[in-house]
2 protein chains.
Amino acid sequence: MRAVVPYCVEEPKTRLSPLLDADERASFARTMLADVLAAVEGAGGRPEVLATAPVDVGVDRPVVVDDRPLSAAVNAALEERSVGEAPVAVVMADLALATPDALAGLFGAEGDVVLAPGRGGGTNALVCRHPEFRVDYHGVSYRDHREVCAAVGADAAVVDSYRLGTDVDDPADLAEVLLHADGRAADWLRERGFAVAADGGRVRVRRE
Amino acid sequence: MRAVVPYCVEEPKTRLSPLLDADERASFARTMLADVLAAVEGAGGRPEVLATAPVDVGVDRPVVVDDRPLSAAVNAALEERSVGEAPVAVVMADLALATPDALAGLFGAEGDVVLAPGRGGGTNALVCRHPEFRVDYHGVSYRDHREVCAAVGADAAVVDSYRLGTDVDDPADLAEVLLHADGRAADWLRERGFAVAADGGRVRVRRE
């Protein structure tokens, strides 16, 4: 399955600025992207980076540059698909916990549109097999995408995955990477001194 | 499968105090408990409430009172099991997103110990089939439970479930209930005026 992986080249992961400087955030974001691309391939997908600007993703994968906002760029990819027959997946580039198994569950699920919800109402990954479905990532996208499905008569399915539900945006999310991922992003954090710590009942990351 | 559902009667869900007063928190906690008990039964489990004090759970289900701390009380239940043969599950009472399908996935997974991780290093649900496995919910319990498995020679398996990974502790978690649950807890919130709102890109709950 063709799998579009949107990637914002400019100032990625600004909410990690309490812990990482701008260069580190860019490096960490590219590392998560590499993990996601590998997981997509491991699930039998053909990843295609949809970047806001030219970017060296460090591996030999197609990169399409589209500097429009996220939803517009993804919808262009869906429109292109809708003249064909094949399904297309959209997988966010910060799913550092994604594994081939988790993505195979998404790719293999039946439904005109299959959604993998993310924490806080997001849509972390999806599969589209319906010609009229379009995305809107602004706001409560999971709810909105279900409404879009209803409006265009598409059967919506939902996959239940902690790994796909965990996008890495906030400092607390780094603990999820350290606890549950074993790819490049987890190594990247460990090499820079990050570790999980229990602090009065709450789990956080510390940097040595 | 026998499924122990620990329930803290005294001052439950204190982290929801910015949104709910003490009586509301107690009522909401009991409502989530009722949803969890129903989901366990829907998955073919036999739920048993392990409460810190006598409590009316509103339905005809066995309640065992044990006023020791959580880990000690759960370990007493596991020790009781270890003289028998049958597996025992431990399912937290605040998994308002749990469905029969999600719990059936846990109950049916192979492994001496099966863990359903929760956000922040927690262990939201587990199945124990090994006589020496014991719990320790303090700190980073997911990591600790894997170490306990290694120490006693138990095969550890992990289920990948967003629904089981979402325990309801913080105000932000109420949005998860409203977006993804359709049981009593979601109704309880809606009846009291809670709704999901997108606020500058972040999703939160508001109360009318």
Side-chain angles (χ1 to χ4, degrees), chain A residues 14-15 70 97-106 115-125 136-146 158-167 169-182 195-205, chain B residues 14-15 70 97-106 115-125 136-146 158-167 169-182 195-205:
Chain A
T14 50
R15 276 147 61 185
L70 174 62
L97 277 62
T99 55
D101 275 357
L103 285 165
L106 172 74
L115 303 170
R119 191 173 162 81
T123 307
N124 284 359
D136 178 0
Y137 285 106
H138 191 77
V140 189
S141 73
Y142 173 74
R143 187 178 58 187
D144 296 343
H145 288 152
R146 292 186 65 112
V158 181
V159 293
D160 177 26
S161 170
Y162 187 80
R163 292 186 171 280
L164 300 184
T166 304
D167 47 327
D169 285 318
D170 288 322
D173 300 326
L174 300 186
E176 305 299 320
V177 179
L178 289 166
L179 285 166
H180 299 294
D182 58 3
V196 174
D199 179 16
R202 295 293 198 98
V203 169
R204 60 180 183 84
V205 290
Chain B
T14 50
R15 276 146 62 186
L70 174 63
L97 277 60
T99 55
D101 275 357
L103 285 165
L106 172 74
L115 304 170
R119 191 173 162 82
T123 307
N124 284 0
D136 179 0
Y137 285 106
H138 191 76
V140 189
S141 73
Y142 173 74
R143 186 176 60 185
D144 297 343
H145 288 152
R146 292 186 67 112
V158 181
V159 293
D160 177 28
S161 169
Y162 186 81
R163 292 187 170 279
L164 301 183
T166 305
D167 46 329
D169 285 318
D170 290 321
D173 300 327
L174 300 185
E176 304 299 320
V177 179
L178 289 165
L179 284 166
H180 299 294
D182 58 4
V196 174
D199 180 14
R202 295 293 198 98
V203 169
R204 60 180 183 83
V205 290

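So you know, we letter chains A, B, ... as the sequences are listed, proteins then strands, and number each from 1. From a predicted model like this one, the values you see are computed outputs, not experimental measurements.
Smallest separation of non-hydrogen atoms from Gly120(B) and Val203(A): O-CG2, 2.9 Å. The shortest heavy-atom contact between Tyr142(A) and Leu179(B) is CE2-O, 3.9 Å. Across all their heavy atoms, Val140(B) and Ala198(A) have their closest contact at CG2-CB, 3.9 Å.
Looking only at heavy-atom pairs under 4.5 Å with chain A, the residue among Ala172(B), Ala102(B), Gly165(B), Ser161(B) that has the most is Ser161(B).
Scanning for side chain to side chain donor-acceptor pair (under 3.5 Å) contacts around Asp173(A) gives Arg119(B), with sequence neighbours left out.
Between Thr99(A) atom OG1 and Asp160(B) atom CG the span is 6.5 Å, to the nearest 0.5 Å.
In summary, of the residues considered (Arg163(B), His180(B), Glu176(B)), a side chain to side chain contact (heavy atoms under 4.5 Å, CB included) with Pro117(A) occurs for His180(B) alone.
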